[in-house]
Participant: 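Before we start, here is the structure in question, set down as structure tokens.
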Number of protein chains: 2
Amino acid sequence: MNPLYRYFQEQLHLPAEEAAALLRFWQKPRSLRRGDFLTRKGQVEQHLYYIQEGTLIIFYDIEENEQVVGFGYTDTMILSVPSFIRNRPSDYYLQALGPTELLGITRTDFYRLLEHYPRLESAWRRMVEEALLGRIEREIDLLTVSPRERIQRLLNRSPHIFQLIPNKYIASYLRMTPETLSRNMR
Amino acid sequence: MNPLYRYFQEQLHLPAEEAAALLRFWQKPRSLRRGDFLTRKGQVEQHLYYIQEGTLIIFYDIEENEQVVGFGYTDTMILSVPSFIRNRPSDYYLQALGPTELLGITRTDFYRLLEHYPRLESAWRRMVEEALLGRIEREIDLLTVSPRERIQRLLNRSPHIFQLIPNKYIASYLRMTPETLSRNMR
DNA sequence: GGAAATCCTTGATCCGGATCAAGATTCTGG
DNA sequence: CCAGAATCTTGATCCGGATCAAGGATTTCC
């Protein structure tokens, strides 16, 4: 069965007909290779993407360094949220870590659909609420002083991350160096 | 003019009749004195509050210490967001820093109103979106390494905070000790 | 399959923010 | 207005995570 269709039903709780109707708007398939950028700083995010297969990182650059702020992986949505919502240039880069297949819907189409499909609108509101709650959780992680505890919290909440993403990106995400992560993982 | 009415119009962009109709649901006035708790850890947040006058801090306790995660001040809304959205016990404390006057609407009333007033629903979605964008900004602040820069970012974004809130709470909010804040403010 | 790039680990050193302490200042509430 | 509490400042010391460095292990992709 179409995995995006299943995502609509199981993750967004959309009824079958609505899920089917929405499917045809998710087009514009994109393929990325390791290192390719899905979105770059300065671009206005014009799509909401569904990841059919692959992993990506979201990062911004701060004084020569890249600071990772999130990940995307198979069967989730990914986008530069602030850029998409505000329709302004993104501060973030979205970069593929390996071969990646995506389906996208354009910003314009998406906002048009929101008006026609009330269930989609409430689904979107739930997504935004969940994203907010996720950030609040993450805030507590970032405020935790001890590196060891920060690692532990992520291990508890998202153990699969450690299977999917090279440690150096996880270290950045956890506000520590790869060395510190390595020393506190065993 | 009623400041809450003005808030509805100017901040939430609600039309005049709708703003007027909503006014009567914001009742249950509460008065707090310095140190009083509006909400405590473990309580389920039953209200959305409008601050008529006063300042509050939002914090949670982590190993004997209190970690400040936000502030509330005159003419803004305040609540324990995760508790209100999820209808679950709050991890946060909301505490008044001085004499404070609030108006509240109950969670039940509020969600009922969302169904009857589409403009309120979209206003709420905007509030959630804005809260999310605010958290994303805050994440960048927290990931900034240098204490001096973290202070600077807050000074740029919310200079009024420094007039309203004692420095020790600001220091906690900025993930540093009061000593470090003091040493880097001049 | 194999060379090259990337990533991970371990060790040694350094430094900036936390901690501890004490005094000065400001705020609070009766 | 005044006493006591809370807050802010400044100084001295300490410590844990960053940095620098190098070798080993994996992964990538022609």
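Per chain, numbering begins at 1; letters A, B, ... match sequence-line order.
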Participant: Measure the acute angle between the ring planes of A/Tyr173 and A/Phe71, then classify it against the limits of 30° and 60° as parallel, tilted or perpendicular.
Facilitator: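 It falls in the tilted class, 30° to 60°.
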Participant: Chain B on DNA chain C: first and last contacting nucleotide, 5' to 3', under 4.0 Å to a heavy atom?
Facilitator: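 Both ends considered, the range comes out as C/dG17 to C/dG29.
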Participant: Across the strands shown, which category fits B/Thr180 at heavy-atom distances under 4.0 angstrom: base, sugar-phosphate, nothing?
Facilitator: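 Sugar-phosphate only.
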Participant: Five pairs per end, C1' atoms only: what is the angle between the end axes of the helix from C/dT9-D/dA22 to C/dA22-D/dT9, to 10 degrees?
Facilitator: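 Both end axes considered, the difference amounts to 30°.
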Participant: Would you name the heavy atoms of A/Glu121 and B/Arg125 that are closest together and state the gap between them?
Facilitator: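 The pair with the smallest heavy-atom distance is OE2-NH1, 3.0 Å.
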Participant: List the residues meeting side chain to side chain contact (heavy atoms under 4.5 Å, CB included) with A/Pro82, not counting sequence neighbours, and say none if there are none.
Facilitator: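 Side chain to side chain contact (heavy atoms under 4.5 Å, CB included) list for A/Pro82, sorted by chain: A/Ser80, A/Tyr92, B/Leu133, B/Ile136.
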Participant: Any idea which heavy atoms bring B/Val69 and B/Arg135 closest together, and the distance?
Facilitator: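 Residues B/Val69 and B/Arg135, closest heavy atoms: O-NH1, 4.4 Å.
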Participant: Take atom CG of B/Asn184 and atom P of D/dC8, then tell me their distance rounded to the nearest Å.
Facilitator: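 Roughly 15 Å, once rounded to whole Å.
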Participant: Quantified in whole Å, what is the C1' atom distance between nucleotide C/dG23 and nucleotide D/dC14?
Facilitator: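 The same atom, C1', in both gives a distance of 22 Å.
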Participant: Taking salt bridge (charged side-chain N to carboxylate O under 4.0 Å, His left out) as the cut-off, I'd like each qualifying pair that reaches into residues 3-25 of chain A, sequence neighbours left out, listed once.
Facilitator: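 Qualifying pairs, neighbours excluded: none.
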Participant: What residues from residues 165-173 of chain B pass a heavy-atom cutoff of under 4.0 Å to DNA chain C?
Facilitator: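 None, since no heavy atom is under 4.0 Å.
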Participant: Report the residues that fulfil side chain to side chain contact (heavy atoms under 4.5 Å, CB included) with B/Ser122, sequence neighbours left out, ordered by chain and then residue number.
Facilitator: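 Expected list: B/Arg126.
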Participant: OG1/B/Thr106 to NZ/B/Lys28 distance, rounded to the nearest 0.5 angstrom?
Facilitator: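 NZ of B/Lys28 is found 6.5 Å from OG1 of B/Thr106.
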Participant: Which pairs of donor and acceptor atoms, one on a side chain in residues 47-55 of chain B, lie under 3.5 Å apart (sequence neighbours left out)?
Facilitator:
residue, atom, partner, partner atom, Å
B/His47, ND1, B/Tyr49, OH, 3.4
B/Tyr50, OH, B/Asp75, OD1, 2.6

Participant: Identify, with sequence neighbours excluded, every residue that meets side chain to side chain contact (heavy atoms under 4.5 Å, CB included) alongside A/Ser172.
Facilitator: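 A/Ser172 satisfies side chain to side chain contact (heavy atoms under 4.5 Å, CB included) with A/Gln67, A/Val68 only.
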Participant: Could you pull out all residues at least two apart from B/Phe37 that satisfy ring pair (Phe, Tyr, Trp, His ring centres under 6.0 Å)?
Facilitator: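 Expected list: B/Tyr93.
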Participant: So which heavy atom on A/Arg150 is nearest to which on A/Thr144, and how close?
Facilitator: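 Distance-wise, the nearest heavy atoms are NH1-O, 3.1 Å.
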Participant: If every non-hydrogen atom of A/Leu142 is compared with every non-hydrogen atom of B/Arg175, which pair is closest and at what distance?
Facilitator: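 Minimum heavy-atom separation between A/Leu142 and B/Arg175: O-CD, 3.8 Å.
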Participant: Give the residues of residues 140-163 of chain B touching DNA chain C, defined as any heavy atom closer than 4.0 Å, sorted by residue number.
Facilitator: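 Nucleic-acid contacts, sorted: B/Pro147.
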Participant: Looking only at side chains, do A/Ser31 and A/Glu101 share a donor and an acceptor under 3.5 Å apart?
Facilitator: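 Yes, A/Glu101 and A/Ser31 have a side-chain donor paired with an acceptor closer than 3.5 Å.
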Participant: What string of B, S and - do you get for nucleotides 21-30 of chain D 5' to 3' if you count protein non-hydrogen atoms under 4.0 Å?
Facilitator: B------SS-
Participant: Under a 3.5 Å cutoff, is there a donor and acceptor pairing between the side chains of B/Thr39 and B/Glu45?
Facilitator: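 Their side chains do contain a donor-acceptor pair, which is all the 3.5 Å distance test asks for.
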Participant: Listed by chain and number, what are the side chain to side chain contact (heavy atoms under 4.5 Å, CB included) partners of A/Phe25, not counting sequence neighbours?
Facilitator: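 A/Phe25 satisfies side chain to side chain contact (heavy atoms under 4.5 Å, CB included) with A/Ile105, A/Asp109, A/Leu113 once adjacent residues are dropped.
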